[in-house]
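Below: one structure, written as structure tokens.
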Amino acid sequence: IWFVRGGGRGTRTAVALDRLVPLSHTRPSFSRFLAAAAELGFRRRAFALVFGLHVISSTFESLSLIAFVPVIQFAQAGGKVPALADQDPVWRSLLGGFSWLGLAPSLELLLAICFLLLLIRQVLSFVRQVYTIWVFENFNKHVRDRGFLLMLDAGAHYHDRVDSGKLVGD
């Protein structure tokens with residue numbers, strides 16, 4: 001029994017089915033995952049972009065939550081920035097950043113930074129979700145198209161042997 005698979009750049013190669021190893025008999029690894037995904041048409045660039053968008057989205061999620069800590073500290077201290085800078089090294093860094101930008105720390109500015117970080121987080125989450133759906137739907141389409149081509153390439157003995165309902169389920 002032979003299994004015809006697509007090779008690179010429109011070529012096709014035939015592989016004997018008895019040479020294929022079931023997935024349960026292989027040791028899982030990331031490189032095998034990428035090789036199997038590439039065999040099914042999942043591109044490494046798409047994988048890297050999805051992974052990168054997840055990392056960046058998670059980073060901004062964390063930053064938007066952490067940004068509320070200085071707001072709460074500022075409100076608890078009653079706006080006394082020098083006392084906060086003496087107690088916390090994070091506030092010293094914040095004051096250094098504010099002075100470099102030429103801004104004076106205020107509750108409004110801190111809330112605006114929190115809002116901006118939340119807005120960036122929402123935009124990145126939206127982009128990540130839309131791109132991930134687009135990548136996986138294209139991947140599913142590629143797998144369906146490839147399965148259809150393999151069914152067309154199958155010999156007449158296969159079509160004679162298999163019931164029509166089973167052909168759709170294969």
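For this chain, numbers begin at 1 and follow the sequence in order.
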Heavy-atom side-chain contact between L110 and P105 under 4.5 Å = no

Check the angle between the aromatic planes of F139 and F136 and answer parallel, tilted or perpendicular using the 30° and 60° thresholds.
-> perpendicular

Partner set under side chain to side chain donor-acceptor pair (under 3.5 Å) for K80, not counting sequence neighbours | none

Distance (rounded to the nearest 0.5 Å) between L94 CG and F74 CZ = 11.0 Å

Following the transitive rule for hydrophobic clusters with a side-chain heavy-atom cut-off under 4.5 Å over Ile, Leu, Val, Met, Phe, Trp and Tyr, establish whether W100 and W91 coincide in one cluster.
-> yes

Shortest non-hydrogen pair, T132 vs H54, comes out as OG1-NE2, 4.2 Å

Gap between atom CD1 of I66 and atom SG of C114 - 0.5 Å precision | 11.0 Å

Cluster link V69 to L63, ILVMFWY, side chain under 4.5 Å | no

Hey, quick one: are L117 and I72 part of the same hydrophobic cluster, counting side-chain heavy atoms closer than 4.5 Å, chains of contacts allowed?
-> no

Pairwise distance CD1(I56) to CD1(I120) - rounded to 0.5 angstrom | 11.5 Å

Do L109 and L101 belong together in a cluster built from hydrophobic side chains that touch within less than 4.5 Å?
-> yes

Between the side chain of S99 and the main-chain N/O of G96, is any donor-acceptor distance below 3.5 Å?
-> yes

Working to the nearest 0.5 Å, report the span between OG of S64 and CD of Q122.
-> 8.5 Å

For R92, does the CZ atom have more than 12 heavy-atom neighbours from other residues, nucleotides or ligands under 6.0 Å away?
-> yes

Spatial distance of atom CG (L119) from atom CG (L124) [nearest 0.5 Å] | 9.5 Å

Going hydrophobic residue to hydrophobic residue with side-chain gaps under 4.5 angstrom, can you get from V55 over to V123?
-> no

Atom OH of Y131 with >12 non-hydrogen neighbours under 6.0 angstrom = yes

What distance do L118 atom CG and L111 atom CG have between them, rounded to the nearest 0.5 Å?
-> 10.5 Å

